[in-house]
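Below is one structure, written out as C-alpha cells, with a few remarks after it.
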Amino acid sequence: MNGYRDLRVALLGCGSVGAQVARLILEQGDELAARVGARLQLAGIAVRSLDAKRDVELPQELFTTDAEQLVLGADVVVELMGGVEPARTLILQALEAGADVVTANKALIAAHGPELADAAEQVGAQLSYEAAVAGAIPIIRPLRESLAGDHITRVLGIVNGSTNYILDRMDRFGDSAEDAMRVASELGYLEADPTLDVEGYDAAQKATILASIAFHTEVPVDAVHREGITGITSEQIQAARNAGAVIKLLAIAERVTATDGTQGVSARVYPALIDRDHPLAAVHGGKNAVFVEAEAAGELMFYGAGAGGVETASAVLGDLVSAARRHVVGGPGIPGSAHADLPILPVGEVRTRYQVMLDVRDEPGVLAAIAGILADHGVSAASVEQSVPEDAAGTATLVIGTHTAREADLAATVDALRDSDVVTAVTSVLRLEGN
Ligand SMILES: NC(=O)C1=CN([C@@H]2O[C@H](COP(=O)(O)OP(=O)(O)OC[C@H]3O[C@@H](n4cnc5c(N)ncnc54)[C@H](O)[C@@H]3O)[C@@H](O)[C@H]2O)C=CC1
Ligand SMILES: N[C@@H](CC=O)C(=O)O
Ligand code: NA
C-alpha cells in the first residue's frame, strides 16, 4: 500500500495486556509503520480458548490455539501469557528461529532471564522486557542503554502497586491492615494469589531483574532477601509518622562492600521507613517509582503506572517498535550483560539505619543498660524517644533511631535486647532507607 514491507508479529496471550497490545497494533497501524519503516502485521493471537470473552473486540480470524505454529515464521513474538511454561519453551523456539521476543513476564525473566538472554545472543536476536518491571514506566531501557556509561550505586524501587496501595491507605486514611487489604482486593489490585504481592515475591522478581541489569551480574531470585508487609501494624505506621517517615515496600539493588572488603551486590525486598521528604515518599496509591543513584548522573526517579492493561501495553509496544526497527536496519540485538559477575552478598553485610521500638521497665538505669547493649555491638543511637502510656504500669516505650549500622550487628543487638532484663518486648525493627 505504501511501500513498507510487512513484519510478522505473533502475539501469545490475549488477556488484560495482550488484548490492548492487539488493539493498539491494529488501530495505530499506519503510525507504527511510519515510525518503524515496516508494517507490523499481526499474524495471529494464540489463546487457550477461541470462544473466551475478551476485553476488546478483535477480528476472530486472528485467534488460534496453536501457539507453536504461530511462532514459526514470526519476525517478532510478543509473549503475554504469563507463567513459566509454556512461555519459556515458546520463547526459546522463537529465539532459536531468529525472531525477536518481547515479553512482560516478570516471573519468567526472574527465573530464566540468563538462559533466554543466551539464546537470544546466540542468534543475534533481541530479547526485551520493559513491561516486566514497573509496567508502563521506562526503567529497563534507561538502565540498559541510557545509563550504560555510568556506574549505578543503588536502585530503590516501589515496584509493587498493590502493597503500595495498602500501605498508603494505612498511612493516609488510618485504615487497619485488614481493611486496606480488603479494599485492595475489592478493587482487583492483588494478584490471583495475593501472597505474591503481600509477601514480596512479585517485588523480589523485579529486584532480581533490576539488580542483574544495574550491576551486570546474574542475580538469582532466590538470592534476594525477601520480607513482605503482612507484619506491618498501625502502630508502626504511626511511629513512622512520628519520626517524619513513611513505610514503603522497597525492592533494593545496591553495590555493597562487605566487612572483608569484597565488592558485591545486595538485592533485597522489605518494608522500610523512608523520610517524608524523599521523592519515594510521595508515591501514593497503586503507583510505582524507581529511584536510581548513579556516580555521574546522581539521583534520578522514574514514576508512573506499574500495572494496568493499556498502561503495560505501552511498554510492550515500545519494545515491539524497537525490535521491529532492528529488523529494518539489521544488525544484532543488544545482548544481556553479566560481565561484572559480582558476588551476591548476604543481607547481613548491608549497612543502613534502623528504627527499633521497645517496651522497657520504667525504672532508673534502663537507658544506660540499653545504651550499653548498643555500644557492645558497635551500633550507635542517633535518637531515643521515650513515652509512658497512661495505662502502662511500670513500663515505657522507647523508639531508638540508629546511625548507619551493619545489618548483622543490628540483628545481634536486637537479640541481646530481647534477652535483656530491662526490655519486656521488642515491638518493631525497621530499616530506614534512602539516606
Ligand atoms: N496486568 C498487568 O497490569 C501487568 C501484567 N504483566 C505481565 O504481563 C503478562 C500478561 O498479564 P495479563 O495480561 O495481566 O494476564 P491475563 O491473565 O489477563 O492474560 C493472560 C492470557 O494468556 C492466555 N494464556 C495463558 N496460557 C496460555 C497458553 N498456554 N496458550 C495460550 N494462551 C494462554 C490466558 O488465557 C489469558 O488470556 C504476565 O506475564 C504478567 O505478569 C506485567 C506488568 C503489569
Ligand atoms: N501485582 C503487581 C502487578 C504488576 O506487576 C502489582 O501489584 O504491582
Ligand atoms: Na517498565
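Order of listing sets the numbers, starting from 1, for every ligand and every atom in it. Worth knowing before you read on, the calculation uses all heavy atoms, side chains too, and leaves out hydrogens, waters and symmetry mates. The structure displayed is predicted, hence computed values, not measured ones.
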Quick check: does Thr163 get an N/O under 3.5 Å from an N/O on ligand 2?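 No: no nitrogen or oxygen of Thr163 is under 3.5 Å from one in ligand 2.
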
Find all atoms of ligand 1 within a distance of less than 4.0 Å from any non-hydrogen atom belonging to [X], and give their numbers and elements.
X: Gly308; value: 2 (C), 3 (O)
X: Lys106; value: 41 (O)
X: Ala131; value: 42 (C), 43 (C)
X: Asn105; value: 39 (O)
X: Cys14; value: 21 (C), 37 (O)
X: Pro86; value: 29 (N)
X: Gly82; value: 38 (C), 39 (O)
X: Leu80; value: 10 (C), 20 (C), 21 (C), 22 (O)

With a sphere of 6.0 Å drawn around CD of Glu85, does it hold more than 12 non-hydrogen atoms of other residues, nucleotides or ligands?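 Yes, the 6.0 Å shell around CD holds more than 12 heavy atoms from other groups.
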
Could you pull out the closest heavy-atom pair between Arg406 and Gly348, with the gap in Å?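 For Arg406 and Gly348, the tightest heavy-atom pair comes out as CG-O, 3.4 Å.
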
Can Lys248 and Glu433 be said to form a salt bridge (Lys or Arg N to Asp or Glu O under 4.0 Å), step by step? CA-CA 10 Å; Lys248 297 287 186 190; Glu433 295 286 356; over 6 Å; no

Is it true that [Y] and [X] share a donor-acceptor pair across their side chains at a distance under 3.5 Å?
X: Glu254; Y: Thr153; answer: no
X: Arg226; Y: Tyr201; answer: yes
X: Gln236; Y: Ser428; answer: yes

Return the closest protein heavy atom for [atom] as residue, atom name and distance.
atom: atom 34 (C) of ligand 1; result: Arg48 NH1, 4.0 Å
atom: atom 8 (O) of ligand 1; result: Ala104 CB, 3.4 Å
atom: atom 23 (C) of ligand 1; result: Gly13 CA, 4.0 Å
atom: atom 31 (C) of ligand 1; result: Val47 C, 3.4 Å
atom: atom 15 (O) of ligand 1; result: Ser16 N, 4.6 Å
atom: atom 19 (O) of ligand 1; result: Gly15 CA, 3.2 Å
atom: atom 27 (C) of ligand 1; result: Met81 SD, 3.6 Å

Go through ligand 2 atom by atom and flag the ones less than 4.0 Å from a non-hydrogen atom of [X].
X: Gly161; result: 6 (C), 7 (O), 8 (O)
X: Gly306; result: 4 (C)
X: Glu191; result: 1 (N), 2 (C), 3 (C)
X: Ser162; result: 6 (C), 7 (O)
X: Asp197; result: 1 (N), 2 (C), 6 (C), 7 (O)
X: Lys206; result: 4 (C), 5 (O), 8 (O)

Output, in order, the C-alpha distance, side-chain angles, deciding distance and verdict of salt bridge (Lys or Arg N to Asp or Glu O under 4.0 Å) for Arg23 and Asp55. CA-CA 10 Å; Arg23 178 180 69 78; Asp55 297 349; over 6 Å; no

May I ask you to identify, for Ala46, whether its side chain, its backbone, both or neither come under 4.0 Å of ligand 1 on a heavy-atom basis?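 Backbone only; the side chain of Ala46 stays clear of ligand 1.
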
Heavy-atom distances under 4.0 Å are what count here, so tell me which part of Thr312 touches ligand 1: side chain, backbone, both or neither.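 Answer for Thr312: side chain.
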
Salt bridge (charged side-chain N to carboxylate O under 4.0 Å, His left out) against Glu385, all qualifying residues, sequence neighbours excluded: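 If we apply the salt bridge (charged side-chain N to carboxylate O under 4.0 Å, His left out) test to Glu385, skipping adjacent residues, there are no hits.
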
Just how far is it from atom CD of Glu199 to atom CG of Asp197, taken to the nearest 0.5 Å?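 The CG atom of Asp197 is 10.5 Å from CD of Glu199, to the nearest 0.5 Å.
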
Separation of Arg353 CZ from Ser380 OG (nearest 0.5 Å):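 That separation rounds to 11.5 Å.
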
Between the side chains of Arg276 and Asp171, is the shortest nitrogen-to-carboxylate-oxygen separation below 4.0 Å, so that they form an ion pair?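 Result for this pair is yes, salt bridge flagged.
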
Is any N or O atom of Val17, backbone or side chain, closer than 3.5 Å to an N or O atom of ligand 1?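 In this structure, Val17 places an N or O atom under 3.5 Å from an N or O of ligand 1.
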
Contact check: Arg54 vs ligand 1, nitrogen or oxygen atoms, below 3.5 angstrom: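 Not met; the criterion fails.
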
Validation row: Val56, Gln20 side chains within 4.5 angstrom (heavy atoms):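 They are in contact (side-chain heavy atoms under 4.5 Å apart), so the answer is yes.
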
Establish, yes or no, whether the cationic atom of Arg54 lies under 6.0 Å from the six-membered ring centre of Phe63 and within 45° of the ring axis.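 Positive - Arg54 is close enough to the ring of Phe63 and near enough to its axis.
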
Val292 and Glu299: side chain to side chain contact (heavy atoms under 4.5 Å, CB included), yes or no, with the steps? CA-CA 6 Å; Val292 178; Glu299 298 177 343; over 6 Å; no

Under 4.0 Å from atom 17 (O) of ligand 1, do we find at least one protein heavy atom?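 Within 4.0 Å: no protein heavy atom nearby.
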
Inside 3.0 Å of the Na ion (ligand 3) but strictly below it, how many protein N/O/S atoms are present?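 Counting protein N, O and S atoms closer than 3.0 Å to the Na ion (ligand 3) gives 5.
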
What class does the angle between the rings of His216 and His339 fall in, given that below 30° is parallel, 30 to 60° is tilted and above 60° is perpendicular?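 Ring orientation of His216 relative to His339: tilted.
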
